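Please read all numbers here as calculations on a predicted model, not as lab measurements.
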Amino acid sequence: MELQFKRHRRLRTSASMRALVRENHLIAEDFIYPLFIYEGENIRNEVSSMPGVFQVSMDHLQAEMEDIVKHGIKSVLLFGIPATKDECGQQAYHDHGIVQVATRFIKEKFPEIIVVADTCLCEYTSHGHCGVVEGEKILNDQSLELLVKTAVAQAKAGADIIAPSNMMDGFVAAIRVGLDEAGFEEVPIMSYAVKYSSAFYGPFREAAEGAPQFGDRKTYQMDPANRMEAFREAESDVAEGADFLIIKPGMPYLDIVRDIKNTFNLPVVVYNVSGEYSMIKAAAANGWIDEKNTVLEMLIGMKRAGADLIITYAAKDAIRWLKEEV
């Protein structure tokens, strides 16, 4: 009997052939590396739930940045851990707030590095929520005023990109107006446009010391069950002036990444969050999975889904592994 079928395996016959027809690639420029800057001295604390990730004080930042540059990373995302916290998170928008201090240092010493400033209040507030609190209610419009002050302070310090992560309604519009009025029309906004209320954030809350002191963030972060809501959120941010769209988390939401990529003509950023990173680290430490191949498969899956950029704690490892394969 004469069989009729296509021989797809012809394009998989060798490593060179597979590389020749590969549709998606990972490069160093794809990655944004998060940094946790701790106010104080002589601090380099490894986060217990995130092996290989450290909280660093300013006196260790030079060495950390040199290592980042050595790996070929081009962009960093700054989170701050202040020495003091209060109800309104004043250290987020103080000229001498820790993110502003770190930004000025990086832009002076490593001007070629793109500094993305996370614009939120949760690390700076005593209650750990991303806005102004009245009783146990997070106030939307009053929070916008403080977020604008934070964004302007970060831009004044030299941040190349403002990345608001608070999920207040209207945050992009408010920050865009605030930046423009302060003379920062050229500073882009990388909006956390689609940010789900996720169990995958657990290790980050240890790293950033920003867990909510009451309740949760479900009244402002999105329900994991919802797909269409992502379109509404992203559409609003695009209309309000966003220049990038972040989807967070990554792995459980790759369908949303593809939806947003197919719908909006802006760079799409995927945040490969702490829980995703820590699960792989833990499984690899137990010998259950191959860490290198699992991480690279996860990251290329994000690119395939539509990510133009990936925020990931695995950036150093990934770049090192990619160089080994060349």
Side-chain angles (χ1 to χ4, degrees), residues 27-35 37 68 73-80 92-93 95 97 99-100 102-108 110-121 130 143-195 230-231 233-248 250 257 260-261 263-272 302-303 306-312 315:
I27 58 174
E29 286 79 3
D30 292 334
F31 301 125
I32 301 172
Y33 186 63
L35 283 175
I37 313 299
I68 285 168
I73 295 168
K74 309 297 184 183
S75 307
V76 294
L77 172 61
L78 301 187
F79 297 95
Y93 45 87
D95 284 343
V99 163
Q100 285 78 279
T103 297
R104 285 191 287 268
F105 176 87
I106 295 171
K107 294 311 296 183
E108 178 185 352
F110 304 89
E112 74 282 5
I113 295 294
I114 293 291
V115 173
V116 185
D118 181 81
T119 307
C120 198
L121 302 175
C130 303
S143 300
L144 296 181
E145 298 175 16
L146 301 185
L147 294 166
V148 170
K149 291 174 68 174
T150 302
V152 170
Q154 292 168 338
K156 284 181 179 177
D160 297 288
I161 299 172
I162 298 300
S165 60
N166 52 89
M167 289 299 285
M168 297 295 116
D169 291 335
F171 69 96
V172 174
I175 289 172
R176 184 71 274 159
V177 169
L179 289 173
D180 292 354
E181 289 181 348
F184 297 106
E185 299 93 343
E186 299 301 316
V187 175
I189 296 174
M190 181 181 286
S191 170
Y192 285 72
V194 181
K195 182 177 179 180
F231 292 96
E233 288 282 357
E235 184 177 27
S236 292
D237 287 6
V238 171
E240 292 170 17
D243 301 283
F244 304 77
L245 300 173
I246 299 177
I247 291 88
K248 181 181 181 183
V257 175
I260 298 302
K261 181 67 174 178
T263 306
F264 301 99
N265 190 26
L266 287 178
V268 170
V269 186
V270 172
Y271 200 141
N272 173 216
M302 293 174 181
K303 286 294 295 287
D308 298 291
L309 299 168
I310 302 172
I311 302 168
T312 179

Hey, are the side chains of [X] and [Y] touching, using non-hydrogen atoms and a 4.5 Å cut-off?
X      : Y      : value
Lys261 : Asp308 : yes
Phe171 : Leu144 : yes
Leu266 : Asp237 : no

Would you say [X]'s side chain and [Y]'s backbone share a donor-acceptor pair under 3.5 angstrom?
X      : Y      : value
Gln154 : Asp118 : yes
Asp180 : Val177 : no
Lys303 : Ala307 : no
Lys195 : Ser165 : yes
Glu108 : Thr103 : no
Asn166 : Cys120 : no

Non-hydrogen atoms of Leu309 and Glu29 that approach each other most closely: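 So the minimum-distance heavy-atom pair works out to CD2-O, 3.6 Å.
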Residue list, side chain to side chain donor-acceptor pair (under 3.5 Å) with Tyr93, at least two apart or on another chain: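 Listed in chain order: nothing, the list is empty.
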Lys156 NZ: over 12 foreign heavy atoms closer than 6.0 Å: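 No, the 6.0 Å shell around NZ holds no more than 12 heavy atoms from other groups.
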Glu186 CD: over 12 foreign heavy atoms closer than 6.0 Å: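 Incorrect, the count does not exceed 12.
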Salt bridge (charged side-chain N to carboxylate O under 4.0 Å, His left out) against Lys74, all qualifying residues, sequence neighbours excluded: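 Listed in chain order: nothing, the list is empty.
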Evaluation steps, side-chain contact (heavy atoms from CB on, under 4.5 Å), between Ile37 and Val99: CA-CA 7 Å; Ile37 313 299; Val99 163; 5.7 Å; no
